[in-house]
Protein chains: 2
Amino acid sequence: MTAAVKCAPRPRERIIDAARDLFRKHGIKGIGVDAIAEAAESNKMTLYRHFGSKDDLVFVCLQEAAAEAEAFWNDIKTTNPDDPKAQLSDWVHRAGDFITIEHCNCELLDAAAQLVESDHPARRFVEELRALYMKRLVELCREAGVADAELLVDALSLLVEGARCNWRSAGPKGAATRFVPIAQMIVADFMHHATSKIVDRLDKAEAESVVKKAAHP
Amino acid sequence: MTAAVKCAPRPRERIIDAARDLFRKHGIKGIGVDAIAEAAESNKMTLYRHFGSKDDLVFVCLQEAAAEAEAFWNDIKTTNPDDPKAQLSDWVHRAGDFITIEHCNCELLDAAAQLVESDHPARRFVEELRALYMKRLVELCREAGVADAELLVDALSLLVEGARCNWRSAGPKGAATRFVPIAQMIVADFMHHATSKIVDRLDKAEAESVVKKAAHP
DNA sequence: TGACAATGTTACCGATCCGTAACATTTACT
DNA sequence: AGTAAATGTTACGGATCGGTAACATTGTCA
């Protein structure tokens with residue numbers, strides 16, 4: 001009833017769509033296979049005939065999300081050919097959309113993060129994906145002329161992850177809605193400032209802080 | 001066995017400590033009352049005699065975390081009296097510590113965010129706390145001379161939330177370990193730049209992006 | 001010591017959830 | 001039409017979990 005609004009393809013696809021939707025909304029541990037089967041307008045038996053277990057279903061959902069992320073990335077590259085700065089700006093905007101738009105595979109990726117300290121095979125899969133995306137983004141930032149690309153990507157990663165979390169808990173009134181201007185500002189800052197200046201400023205602030213802390217143990 | 005390492009006070013305190021510890025590690029829905037009682041070196045019956053239900057226990061844990069957060073804030077204010085900039089810098093460092101240190105009540109607060117779309121009484125409690133903390137931080141930023149204090153607090157909120165999430169999933173090798181320099185840089189940026197310049201730069205970037213998008217529909 | 005409160009132990013109930021078995025029904029293809 | 005595969009339905013098993021009942025044990029204080 002929730003998912004599978006389009007013209008209802010085979011049950012396998014309906015189940016995957018419903019599962020991804022419900023995993024996003026309730027978390028992986030927060031939804032049962034019965035509810036997934038019902039939302040897919042199917043039943044538990046066909047679900048288990050296509051996917052041997054709930055864990056397998058989770059893994060397939062993650063693979064689909066990864067494929068969409070791949071398309072997401074390729075679309076950025078082809079839409080702004082040979083223009084790293086435009087690609088980076090495009091990435092920020094699309095990431096902002098992915099945060100607020102309901103149908104967002106990012107939420108699925110971080111839902112996998114709920115499987116902490118379990119031997120779930122999806123864990124390694126998601127971590128490898130994350131590393132790949134960050135590596136790509138670092139390269140893009142470098143091409144766009146960012147000196148400390150790693151730190152910028154770290155900042156963007158934290159912002160995206162925080163925005164997803166904030167959106168889910170605080171909704172459209174939370175700070176997540178200001179993700180795009182914030183990310184834009186940080187990107188602009190990294191591009192307009194020389195690395196030396198940034199490092200100097202950071203070192204100075206760090207030194208001040210250390211002194212402060214030592215003065216008040 | 002996990003918690004209650006200190007000299008084992010009354011069962012009520014041991015249970016609260018164990019519950020907070022396990023809620024952080026496994027999430028609220030990821031741990032059962034039996035495991036909590038065992039970790040507290042107690043049993044389920046005394047747990048239910050002190051706390052009528054698991055939800056009540058969750059609520060008490062959140063109240064304790066809120067009390068610690070209150071002390072955290074007061075400590076910042078008293079350690080750096082009449083020095084908003086130092087207070088803000090101190091906040092950044094302490095927030096960074098809270099992310100990486102195991103015993104961190106922040107993780108408990110966002111664990112409550114796992115109770116999405118449920119009528120859990122802890123939801124409203126946590127949301128009110130979040131609003132209070134953000135309001136205080138906005139005031140502090142304004143005292144420190146930040147023009148667009150709301151946007152800075154939004155950025156810091158997303159960074160903190162993202163760093164907590166990232167730390168839990170990526171651990172000490174993730175981007176969360178770079179929270180402090182990133183936050184410092186953003187704070188410095190907000191303090192050193194006039195608002196008009198920032199807005200101008202954002203508007204320009206926004207306009208560029210819109211043109212780009214329109215050119216490639 | 002005695003009495004009462006706090007705590008511990010065991011067993012159980014009902015609900016939920018993952019997964020399976022057996023059988024009925026529909027769909028697809030020749 | 002007819003056959004086989006895919007799908008749907010019902011019921012069940014085993015495990016876990018929140019919560020309770022009954023009884024045993026320990027601690028506390030007069």
Side-chain angles (χ1 to χ4, degrees), chain A residues 1-4 7-23 25-62 111-112 114-122, chain B residues 1-4 7-23 25-62 111-112 114-122:
Chain A
M1 184 183 275
T2 312
C7 57
R10 312 296 298 179
R12 180 186 165 89
E13 278 68 33
R14 296 204 313 265
I15 291 173
I16 293 177
D17 289 346
R20 291 184 59 186
D21 186 46
L22 294 175
F23 285 155
K25 288 180 181 168
H26 304 271
I28 292 179
K29 285 183 299 191
I31 200 72
V33 287
D34 303 83
I36 294 173
E38 186 185 4
E41 298 175 26
S42 181
N43 55 76
K44 196 164 55 171
M45 270 314 300
T46 58
L47 187 153
Y48 274 99
R49 278 192 275 252
H50 283 284
F51 318 93
S53 70
K54 185 184 179 182
D55 283 356
D56 290 1
L57 176 59
V58 169
F59 196 76
V60 172
C61 287
L62 290 180
Q114 301 173 357
L115 309 171
V116 188
E117 70 186 329
S118 65
D119 295 347
H120 203 290
Chain B
M1 185 182 277
T2 309
C7 58
R10 313 298 296 178
R12 178 186 165 89
E13 280 67 33
R14 297 204 313 264
I15 291 173
I16 293 177
D17 288 347
R20 290 183 61 185
D21 186 45
L22 295 175
F23 285 155
K25 288 179 181 169
H26 306 270
I28 292 179
K29 285 183 299 191
I31 200 72
V33 288
D34 302 83
I36 294 173
E38 185 186 4
E41 299 175 24
S42 181
N43 55 76
K44 196 161 57 170
M45 269 316 299
T46 57
L47 187 153
Y48 274 99
R49 277 192 273 254
H50 283 286
F51 317 94
S53 69
K54 184 183 180 182
D55 284 355
D56 290 1
L57 175 59
V58 169
F59 196 75
V60 172
C61 287
L62 290 180
Q114 301 173 357
L115 309 170
V116 188
E117 66 186 335
S118 64
D119 296 347
H120 203 292

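Sequence lines set the chain letters: A, B, ... in the order given, protein chains first and strands last, and positions in each chain run from 1. No hydrogens, no waters, no symmetry mates; every other heavy atom, side chains included, goes into these values.
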So which nucleotide from [options] ends up closest to the side chain of [X]?
X	options	answer
V33(A)	dA28(C), dG8(C), dC18(C)	dC18(C)
K44(A)	dG19(C), dG8(D), dA6(C)	dG19(C)
M45(A)	dA22(C), dT7(D), dA6(C)	dA22(C)
R14(A)	dG8(D), dG18(D), dG8(C)	dG8(D)

Distance from [X] atom [atom1] to [Y] atom [atom2], nearest 0.5 Å?
X	Y	atom1	atom2	value
K29(A)	K29(B)	NZ	NZ	8.5 Å
I28(A)	C61(A)	CD1	SG	8.5 Å
Y48(A)	K54(A)	OH	NZ	8.0 Å
L57(B)	L62(B)	CG	CG	9.5 Å

What is the separation between atom [atom1] on [X] and atom [atom2] on [N], rounded to the nearest whole Å?
X	N	atom1	atom2	result
Y48(A)	dG8(D)	OH	C1'	17 Å
D56(B)	dT20(D)	CG	C1'	15 Å
E41(A)	dT26(C)	CD	C1'	16 Å
R10(B)	dG8(C)	CZ	P	9 Å
N43(B)	dT20(D)	CG	P	15 Å
L57(B)	dC17(D)	CG	P	15 Å
D34(A)	dT9(D)	CG	C1'	13 Å
L47(B)	dC17(D)	CG	P	14 Å

Does a side-chain N or O from [X] land closer than 4.0 Å to OP1 or OP2 of [N], or not?
X	N	result
T46(A)	dA6(D)	no
S53(A)	dC18(C)	no
H50(A)	dT7(D)	yes

Exercise for the section: May I ask you to say what I31(B) touches in the nucleic acid, namely base, sugar-phosphate or nothing, with a heavy-atom cut-off under 4.0 Å? Expected result: sugar-phosphate
Problem - Sugar-phosphate only, base, or nothing, as touched by I36(A) at under 4.0 Å among non-hydrogen atoms - result: nothing
Handout entry: 5′-ward residue of the pair K54(B)/R49(B) relative to DNA chain D
Key = K54(B)
Exercise for the section: Verify, without hydrogens or angle tests, whether D34(B) (side chain) and A37(B) (backbone) share a donor-acceptor contact under 3.5 angstrom. Expected result: no
